[in-house]
J.: 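Sharing a structure below in structure tokens format, with a few things to ask.
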Amino acid sequence: MVGGKPKYLIFLGCVIPYRLSSYEISARKVLSALGVELVEMPEYNCCGFPIDPINHDTAIVLAARNICIAEMEGMNLLTLCNGCFGSLHKVNKMLKEDKEERERVNEYLKNFDMEFKGSIEVKHLVHVLAEDIGFEKIKNSIKKPLSTLRVAQHPGCHIIRPRKLVGKDDPENPRLLKDLINLTGAKCVDYRGENECCGNPIIGVNEKIPFQMAKEKLDHIISAKAEALITVCPFCHIMFDLNQPRIEKLFNVKIGIPVLHYTQLLGLAMGFLPQELAFDELRVKPTIYLKKFLDYNPTLEV
Amino acid sequence: MEQPAQTVKAGEINSKFKYEISKFRGAEKITLCFQCGTCTADCPVSRFSEFYRPKKIARMIQLGLKDRILSDKHIWLCTTCYTCVDHCPQDVEIANVIRALRNISVRHLKSLPLVYKELAENLMKTGFVYVIPETRIKKREELGLPPLPKTSPEEITKIFELTGLLSLLGTSQTFERVE
Ligand code: SF4
Ligand code: SF4
């Protein structure tokens with residue numbers, strides 16, 4: 001990327017193509033406006049994260065296979081999903097550092113004419129924005145600062161923890177997403193439990209516990225008088241946006257907190273129209289606070 | 001964890017179990033747990049679950065209550081948020097210990113939550129853990145998104161076969177809900 005455009009292979013994972021095109025659409029828009037070139041993977045498979053609980057080896061080989069494809073393309077991987085980042089980054093780091101493990105995994109990969117070499121990096125969107133593009137450039141791209149909007153961050157787990165694996169942010173007081181949010185002119189408020197989990201990974205075996213976890217977070221967000229919640233992971237987004245009506249029903253309360261992908265928030269501040277950023281796909285409709293930044297879109301009326 | 005205050009019978013103790021667990025990556029330090037309780041105190045799932053307690057899981061492994069912990073469905077309630085991993089003063093990496101328990105449990109008991117079986121089967125069929133409907137794939141075009149990259153379900157199936165997951169899936173029972 002020296003001198004040229006920053007260039008990445010985009011790793012979409014499974015959840016985004018399955019049901020969250022709003023994240024993909026808005027991410028492609030803002031990254032392109034920031035001069036990032038996204039190259040499509042020639043092919044890929046699930047990152048391995050959902051399979052790790054039942055078979056660690058299967059998950060490692062699934063992740064390693066994706067990394068090998070990226071190595072053959074000679075580009076770093078950019079993920080939009082915390083789960084994909086966690087899985088791919090963990091395996092990439094482990095195979096780079098542990099020669100014995102690398103040899104063991106390469107035995108599997110031989111069957112597909114692949115070999116892990118250790119020549120690429122795996123980055124989450126937040127790392128690409130904060131480290132590779134930089135705050136200065138993002139700040140200069142803001143045309144319509146979202147001043148007066150108060151929002152809360154939900155960084156999610158796997159881009160901050162485990163600390164010794166990720167090491168890019170402070171897991172006890174995560175700053176990267178908060179700083180990125182503040183660049184848009186919106187104010188990112190502090191609230192209790194900012195660094196806590198959304199609960200989504202166990203929803204397949206138990207709904208009540210994750211709904212209680214998410215409800216507790218939403219309560220803290222309401223107490224901090226935030227007017228929207230900002231996510232950077234499709235799993236977390238589904239938990240707070242798509243599932244919000246179900247949480248409201250379970251607890252018999254009205255929550256009504258709109259949940260935006262960070263790329264939608266940034267896109268608005270960069271001057272994109274809400275319809276260009278797929279705001280109409282959000283389940284929880286924009287409230288009055290948010291609406292003043294969307295006012296030219298009649299389809300978003302509550 | 002299933003029922004409170006169960007007595008431990010000498011016959012159910014398998015003193016080698018902790019070494020079996022410590023062979024798993026990330027679970028090496030299980031023997032160092034000194035029962036401080038930090039993991040349970042900081043675990044968001046423990047806050048809402050009546051039975052899920054990572055500290056107790058660590059102690060059951062140390063005691064060698066192998067059959068009891070492997071058949072306890074509560075091990076499927078960890079969200080892998082890794083808070084316990086960051087906070088444990090003994091560096092036990094309890095989330096990885098729980099992953100080891102789940103892996104062993106699937107292998108020994110041939111039983112797993114239905115959701116994982118479905119995700120794994122979708123993955124072998126499509127390369128993704130969800131079956132992405134044709135309409136979604138078409139809609140990408142309308143939305144101006146590039147076509148979805150291709151996948152290689154045959155190679156995924158081969159990975160499942162080589163790593164032993166394929167035969168496990170074929171022979172395992174499933175259960176749906178925990179707690
Ligand atoms: S925090 Fe670590 S040492 Fe303390 S009880 Fe949990 S696993 Fe054991
Ligand atoms: S990783 Fe699992 S056991 Fe550890 S704190 Fe999170 S939910 Fe609890």
Side-chain angles (χ1 to χ4, degrees), chain A residues 12-15 17-19 21 24-25 28 40-46 49-62 65 86 94 101 108 111-112 157-158 160-165 171-172 193 195-210 212-213 216 278, chain B residues 24-25 44-45 47-49 52 73 76-83 85-86 93 95 99-100 102-103 106 112-120 123 127-132 136-137 139-140 143-152 155-156 158-160 162-165 168 176-179:
Chain A
L12 291 173
C14 302
V15 188
Y18 180 52
R19 61 200 300 190
S21 33
E24 185 183 346
I25 290 169
R28 287 184 189 272
E40 306 312 309
M41 302 268 307
E43 70 144 301
Y44 75 101
N45 52 257
C46 163
F49 171 72
I51 303 300
D52 204 30
I54 55 171
N55 195 316
H56 190 48
D57 263 8
T58 316
I60 291 176
V61 182
L62 288 169
R65 189 176 179 278
M94 175 179 83
E101 186 62 13
Y108 286 120
N111 291 283
F112 315 109
C157 297
H158 297 176
I160 57 172
R161 280 184 299 266
R163 184 196 287 268
K164 66 180 170 192
L165 180 69
E172 303 307 321
N195 60 351
E196 285 205 357
C197 178
C198 70
N200 203 347
I202 57 166
I203 204 155
V205 293
N206 182 310
E207 281 188 350
K208 192 140 186 238
I209 293 169
Q212 283 171 295
M213 287 167 67
E216 185 185 55
Chain B
F24 277 70
R25 185 188 352 257
V45 173
R47 206 152 68 229
F48 299 108
S49 162
Y52 184 75
K73 295 187 170 65
W76 296 95
L77 287 180
C78 168
T79 66
T80 66
C81 77
Y82 294 120
T83 306
V85 173
D86 275 2
E93 300 193 9
R99 188 201 67 229
R102 289 170 169 184
N103 275 210
V106 174
L112 76 162
L114 176 63
V115 60
Y116 290 104
K117 189 171 180 177
E118 288 173 348
L119 294 171
L123 182 48
F128 304 114
V129 287
Y130 308 107
V131 179
I132 301 171
R136 268 269 163 192
I137 294 173
K139 199 166 172 224
R140 292 182 66 83
L143 294 168
L145 293 170
L148 211 51
K150 65 180 172 74
T151 56
S152 303
E155 294 202 6
I156 305 299
K158 183 85 186 159
I159 293 175
F160 276 42
L162 293 169
T163 53
L165 184 57
L168 274 178
E176 288 184 31
R177 297 276 133 201
V178 178
E179 196 165 312

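Quick note on labels: first sequence line is chain A, next is B, and so on, each numbered from 1.
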J.: With only heavy atoms counted, which part of A:P42 is less than 4.5 Å from chain B, the side chain, the backbone, both or neither?
T.: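 Contact with chain B: backbone only.
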
J.: Of all the heavy-atom pairs spanning B:W76 and A:I54, show the shortest one and how long it is.
T.: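 Reported closest heavy-atom pair: CH2-CG2, 3.8 Å.
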
J.: Examine distances only and state if a side-chain atom of B:D86 and a backbone atom of A:R161 form a donor-acceptor pair shorter than 3.5 Å.
T.: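 Looks like no, no N/O pair under 3.5 Å.
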
J.: Heavy-atom pairs under 4.5 Å with chain B: which of A:P201, A:P53, A:C198, A:P171 has the most?
T.: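 Of the options given, most contacts go to A:P53.
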
J.: With only heavy atoms counted, which part of B:L145 is less than 4.5 Å from chain A, the side chain, the backbone, both or neither?
T.: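 The answer is the side chain of B:L145.
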
J.: Let me confirm one number: the CD-OG1 distance from A:E172 to B:T83, rounded to the nearest 0.5 Å.
T.: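 One gets 8.0 Å once the value is rounded to the nearest 0.5 Å.
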
J.: Would you mind checking which part of A:E40 comes under 4.5 Å of any heavy atom in chain B, side chain (CB onward), backbone (N, CA, C, O), both or neither?
T.: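 Contact with chain B is through the side chain of A:E40 alone.
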
J.: Could you have a look at B:K158, B:R47, B:R102, B:E179 and say which one has the most heavy-atom pairs with chain A under 4.5 angstrom?
T.: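 If we count pairs closer than 4.5 Å to chain A, B:R47 comes out on top.
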
J.: Using a 4.5 Å cut-off on heavy atoms from C-beta on, say whether the side chain of B:R177 contacts that of A:E207.
T.: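 Yes, their side chains come closer than 4.5 Å.
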
J.: Is any side-chain heavy atom of B:Y82 closer than 4.5 Å to one of A:R163?
T.: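 No, too far: nothing below the 4.5 Å cut-off.
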
J.: Can you give me the closest heavy-atom contact between B:R136 and A:P17, atom names plus distance?
T.: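 Closest heavy-atom pair between B:R136 and A:P17: CD-O, 3.6 Å.
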
J.: Can you tell me how far the CG atom of A:L12 sits from the CG atom of B:L148, to the nearest 0.5 Å?
T.: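 Going from CG on A:L12 over to CG on B:L148, the span is 6.5 Å.
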
J.: Between A:R28 and chain B, which part of the residue has a heavy atom less than 4.5 Å away: side chain, backbone, both or neither?
T.: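 For A:R28, the contact with chain B is made by the side chain alone.
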
J.: Heavy-atom pairs under 4.5 Å with chain B are the metric here; pick the option from A:M213, A:K164, A:E196 that has the most.
T.: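 Looking at each of A:M213, A:K164, A:E196 in turn, A:M213 comes out on top.
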
J.: For B:E93, is it the side chain, the backbone, both or neither that has a heavy atom under 4.5 Å from a heavy atom of chain A?
T.: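 Only the side chain of B:E93 comes within 4.5 Å of chain A.
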
J.: Where do A:I202 and B:C78 come nearest, in terms of heavy atoms and distance?
T.: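 Residues A:I202 and B:C78, closest heavy atoms: CG2-O, 3.3 Å.
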
J.: For A:D57, give me all partners under side-chain hydrogen bond (donor to acceptor under 3.5 Å, both in side chains), at least two apart in sequence or on another chain.
T.: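 With neighbours one apart ignored, the set is A:R104, A:Y108.
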
J.: Name the member of A:N195, A:I60, A:D52 that forms the most heavy-atom pairs with chain B at distances under 4.5 Å.
T.: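 Winner by heavy-atom pair count: A:D52.
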
J.: Is there a side-chain contact between A:R65 and B:S152, using heavy atoms and a 4.5 Å cut-off?
T.: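 In short, these two side chains touch, coming nearer than 4.5 Å.
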
J.: Look at the side chain of A:N45 and the backbone N and O of B:F128, then say whether any donor-acceptor pair between them is shorter than 3.5 Å.
T.: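 Between the backbone of B:F128 and the side chain of A:N45 there is no qualifying donor-acceptor contact (under 3.5 Å).
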
J.: Shortest non-hydrogen contact from B:T151 to A:Y44?
T.: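 For B:T151 and A:Y44, the tightest heavy-atom pair comes out as CG2-O, 3.2 Å.
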
J.: Any side-chain heavy atom of B:L162 sitting closer than 4.5 Å to one from A:N111?
T.: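 Yes. Closest side-chain heavy atoms under 4.5 Å.
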
J.: Is there a donor-acceptor contact under 3.5 Å from the side chain of A:N200 to the main chain of B:T79?
T.: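 Flag not set: sc A:N200 to bb B:T79 has no pair under 3.5 Å.
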
J.: With a 4.5 angstrom heavy-atom cut-off, could you sort out which part of B:V85 is near chain A: side chain, backbone, both or neither?
T.: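 Contact with chain A is through the side chain of B:V85 alone.
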
J.: Which answer fits A:I51, side chain, backbone, both or neither, if we ask what part of it has an atom under 4.5 Å from a heavy atom of chain B?
T.: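 A:I51 touches chain B through side-chain heavy atoms alone.
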
J.: Quick one: does A:N206's side chain get under 4.5 Å of B:L77's, heavy atoms only?
T.: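 Heavy-atom side-chain distance check passes, below 4.5 Å.
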
J.: Between chain A and each of B:L143, B:I137, B:L119, count heavy-atom pairs under 4.5 Å; write down the option with the most.
T.: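 Ranked by contacts with chain A, first place is B:L143.
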
J.: Can you check whether A:I209 reaches B:Y52 side chain to side chain, under 4.5 Å on heavy atoms?
T.: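 The answer is no; the side chains never approach within 4.5 Å.
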
J.: In terms of the angle between their ring planes, are A:Y18 and B:Y130 parallel, tilted or perpendicular, with boundaries placed at 30° and 60°?
T.: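 Because their plane-to-plane angle is under 30°, the rings of A:Y18 and B:Y130 count as parallel.
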
J.: Less than 4.5 Å to any heavy atom of chain A: does that hold for the side chain of B:E155, its backbone, both, or neither?
T.: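 The answer is both parts of B:E155.
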
J.: Do the side chains of B:L123 and A:L62 get nearer than 4.5 Å, heavy atoms only?
T.: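 The answer is yes; the side chains approach within 4.5 Å.
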
J.: Tell me which of these, B:V106, B:L165, B:N103, has more heavy-atom pairs under 4.5 Å with chain A than the rest.
T.: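 Highest number of pairs under 4.5 Å: B:N103.
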
J.: Measure across B:I132 and A:C14 and return the closest heavy-atom pair with its distance rounded to 0.1 Å.
T.: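 Taking B:I132 first and A:C14 second, the nearest heavy atoms are CD1-O, 4.5 Å.
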
J.: Check each atom of B:K139 against the heavy atoms of chain A and say whether the ones under 4.5 Å are side chain, backbone, both or neither.
T.: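 B:K139 touches chain A through side-chain heavy atoms alone.
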
